[in-house]
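Some notes on the structure that comes next.
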Amino acid sequence: MNRLLTLLCTLLLLAGAPWAAIASENGDASARAETAAGSNLLFILDASGSMWGRVEGEPKIVVAKDVMSRLVRQLPDDARAGLIAYGHHRKGDCMDIESLVALGPLDRDAMIKQIEGLNAIGMTPLTASVKQAIEQLRQTEQSASVVLVSDGLESCGGDPCEAVKAAKQSGVDFRLHVVGFDLGDTDTAQLQCMAEAGGGRFFSASNADELAGALSEAVQVEPEPESVVESTGAIELTVTRNGEPIDAYTYVYKAGTEEEVTRDHSLEEGKVRYKLAAGDYDIRVRAAGISAPDRLLEGIAVSNGETTERSVDFSTGTVELTVTTNGKPLKARTYVQYADGHKEASRDGTDDAGIASYTIPVGEYRIQVRPDGISAPDQFIDDVMVEAGKTTTKRLEIPSGTVELTVTTNGKPLKARTYIQYTDGHKEASRDGTDGEGIASYTIPVGEYRIQVRPDGISAPDQFIDGVTVEAGKTTTKSLEIPSGTVRIKVTADGKSLKARTYIQYADSHKEASRDSTDSEGFADYTVPVGQYRIQVRPDGIEADDRFVEDVTVTAAETTEVSLDFPVE
């Protein structure tokens, strides 16, 4: 955070006035900024909803508010500054722009109060925000440097670049610098155009460290007269796929670092041209529409007044995979993996026609298929060869059938959890619960299965159905009837209701079937499969030994009543 504060102070240098950050040897943020009287700096801050996105684990809006508040405390007494914010009041309102602090002598308390009150919530009206800043400068009739910090592009339909050009042509004296923060793969052409039209520079940073590097570099480089052409050179990059021009995302870095200098996302006929200061650069190229690793061009030397040409060709082919079940399209997630090591190269899902298509670099691959439309294990297709400019077609047919299971008790639907298991090894293939009709339905690959049923509506042990055969395109119906009855226990002490813990046990083994406690009326009810039981009763309200009721018979759809009274001495 201290590093960000120090570098935001350096933005004042970038703004074109003689601002300077004076820091201690360890970079302590207690450094104070100095400025000549009469210099003007106007900030435009992004408080749109996207500022709740996180950078290095912290919301961008929180970072911005904290850093700006610290910065204001360090500004010199004779500083002149202003602050405009957008998107901090209302969602969906393109006129949510406010001059929080008018450009003028610094009032630290007022500015910090405004900064700390910001809440990221709304749109990104860049055009209207720039126009409001320009109008403020027009009315003051003073020159100024404007610094726009934004994490996104115009979202209100305006053209901010044209607005900046128009302001320059009208004679307003200003310089505009644009800092794009955490832009990801956003096309920055709009923000770059704004900075160029405003006579300033565009900087891009993906995280705090990159922001620090960008601002440090900006402080060291003085703006040069437009007439001095010899101080710059150019890189002309051509990107192709199998020799044909394609679109690509390109990122330029200082050689050997991750310090981004500029980027471009709109290639015309596969070409992009960068005008750069003399030096060495790296370019990372990400082809659009191709599932291919980024390509890195390293150590590209740019000389004064010269153009360096480079080219990148992505040699690719296409894999078209069709997944079906019983000849019909099947929804599935598909993963293309490199044959060597099985590292993922790309992923997609099949469309309504059961097709997934990949354009990927030439080589050998394996495809993993995870069906969504049926309960089936992952399938693998090995030895998938991709050749340049060719389409490799693969098909995967997974024959399947349906199992429809109905679970009842005394002829009525029963809620139950059901598990489909492979006959060999009893590994689970799928699971579901019965619906209000007591039915659970599974579409699964053909084969032999076992069904495990765990009743929810009655206290019964798991039931198993073996020998379930699933055939392609057919429905196998199975039913399970679990006859049950009710045991109602009444526990008293000298005829009065008694709280007690009760346990229903199978008569032959005394293994517990279910347990419950009596209610305030001394009753406990159990619905259990038909059969012979023993009841164990443990009083809670009195000191007495457990009592047992033997030979309790449960009959289908009937209620067996048992009463037990504990005498009180």
Could you tell me if the side chain of Leu321 sits less than 4.5 Å from the side chain of Thr393, heavy atoms only?
no
Under a plain distance cut-off of 3.5 Å, with no hydrogens placed, do Tyr526 and Thr502 share a side-chain donor-acceptor pair?
yes
If you count every heavy atom of other residues, nucleotides or ligands that lies below 6.0 Å from Asp382 atom CG, does the total exceed 12?
yes
Assess, by modelled atom type and distance only, whether the side chains of Arg263 and Tyr249 contain a donor and an acceptor separated by less than 3.5 Å.
no
For the CG atom on Asp424, are there more than 12 heavy atoms of other groups (residues, nucleotides or ligands in this structure) within a distance under 6.0 Å?
no
Can you find a side-chain donor-acceptor pair between Asp348 and Thr334 that sits under 3.5 Å?
no
Verify ring-ring contact (aromatic ring centres under 6.0 Å, His included) between Tyr253 and Tyr281, making sure each step is shown before the conclusion.
CA-CA 6 Å; Tyr253 303 89; Tyr281 298 89; over 10 Å; no
Would the distance check show the side chain of Gln536 and the main-chain N or O of Gln505 forming a donor-acceptor pair, the cut-off being under 3.5 Å?
no
Using a strict cut-off of less than 4.0 Å between a Lys/Arg side-chain nitrogen and an Asp/Glu carboxylate oxygen, indicate whether Lys165 and Glu162 qualify as a salt bridge.
yes
Given 3.5 Å as the limit, does a donor-acceptor pair link the side chain of Ser150 with the main chain of Gly152, or not?
yes
No-hydrogen, no-angle side-chain donor-acceptor test under 3.5 Å, Ser375 and Ser430
yes
Kindly indicate, with the supporting measurements, whether the criterion side chain to side chain contact (heavy atoms under 4.5 Å, CB included) is fulfilled by Val528 and Ile458.
CA-CA 6 Å; Val528 291; Ile458 61 174; over 6 Å; no
For side chain to side chain contact (heavy atoms under 4.5 Å, CB included), just list the numbers for Ser48 and Met123, CA-CA rounded to whole Å, side-chain angles, deciding distance to a tenth of an Å, and then say yes or no.
CA-CA 5 Å; Ser48 62; Met123 304 290 283; over 6 Å; no
Regarding Arg295 and the six-membered ring of Phe314, is the cationic atom NZ or CZ under 6.0 Å from the ring centre and inside 45° of its axis?
yes
Any side-chain heavy atom of Trp52 within less than 4.5 Å of one from Ile61?
yes
Arg395 side chain reached by Val323 side chain, heavy atoms, under 4.5 Å:
no
Between Thr188 and Gln192, do the side chains contain a donor N or O and an acceptor N or O under 3.5 Å apart?
yes
Heavy-atom neighbours of Asp466 CG exceed 12 at 6.0 Å:
yes
Does Thr559 reach the main-chain N or O of Thr486 with its side chain, forming a donor-acceptor pair under 3.5 Å?
no
Spell out, as yes or no, whether a donor-acceptor pair under 3.5 Å connects the side chain of Asp282 to the backbone of Gly299.
yes
Do the side chains of Asp372 and Arg333 get close enough for a salt bridge, i.e. N-O under 4.0 angstrom?
yes
For Thr469, is there any backbone N or O sitting under 3.5 Å from a side-chain donor or acceptor partner on Glu471?
no
Under 6.0 Å from the ring centre and within 45 degrees of the ring axis: does the NZ or CZ of Arg488 meet both conditions for the six-membered ring of Phe523?
yes
With distance as the sole criterion, is a donor-acceptor pair present between the side chains of Thr392 and Glu387 under 3.5 Å?
no
Would you sort out whether Val285 and Asp294 count as a side chain to side chain contact (heavy atoms under 4.5 Å, CB included), showing the intermediate values?
CA-CA 6 Å; Val285 183; Asp294 292 356; over 6 Å; no
Exceeds 12 heavy-atom contacts within 6.0 angstrom, atom CD of Glu437:
no
Yes or no on side chain to side chain contact (heavy atoms under 4.5 Å, CB included) for Leu237 and Thr250, after CA distance, side-chain angles and deciding distance?
CA-CA 9 Å; Leu237 175 67; Thr250 61; 3.8 Å; yes
Are more than 12 heavy atoms from other residues, nucleotides or ligands located less than 6.0 Å from atom CD of Glu196?
no
Kindly say whether Ala234 contributes a backbone atom to a donor-acceptor pair with the side chain of Thr307 at under 3.5 angstrom?
no
Answer yes or no for Arg431 and Tyr419: cation-pi contact, defined as NZ/CZ to six-membered ring centre under 6.0 Å and angle to ring axis within 45°.
no
With a 3.5 Å distance limit and no angle check, can you tell me whether Thr308 reaches the backbone of Ala301 through a side-chain donor-acceptor pair?
yes
Asp46 versus Asp151: any side-chain heavy-atom pair under 4.5 Å?
yes
For the residue pair Met194 and Leu148, establish whether any side-chain heavy-atom pair is separated by less than 4.5 Å.
yes
Do Thr324 and Glu397 get their side chains close enough for a donor-acceptor pair, meaning under 3.5 Å?
yes
Sequence neighbours excluded, which residues qualify as ring-ring contact (aromatic ring centres under 6.0 Å, His included) partners of Phe380?
none
Is there a side-chain contact between Ile360 and Val319 in this structure, where contact means two heavy atoms from C-beta onward sitting under 4.5 Å apart?
yes
Taking atom types as modelled, is there a side-chain donor on Ser357 or Glu320 under 3.5 Å from an acceptor on the other?
no
Between Thr518 and Ile489, is there a side-chain heavy-atom distance shorter than 4.5 Å?
no
With the side chain counted from C-beta on, respond yes when Ile121 and His89 share a heavy-atom pair under 4.5 Å apart, and no when they do not.
no
Give a yes-or-no answer on whether the side chains of Tyr442 and Ser400 include a donor-acceptor pair shorter than 3.5 Å.
no
Aromatic ring proximity Tyr449/Tyr422, centre distance under 6.0 Å:
yes
In terms of side-chain geometry, is the basic nitrogen of Lys254 or Glu259 positioned less than 4.0 Å from the acidic oxygen of its partner?
no
Is it the case that over 12 heavy atoms from other parts of the model lie below 6.0 angstrom from the CD atom of Glu512?
yes
Would you tell me whether Thr238 and Ser311 have side-chain atoms, one donor and one acceptor, within less than 3.5 Å of each other?
no
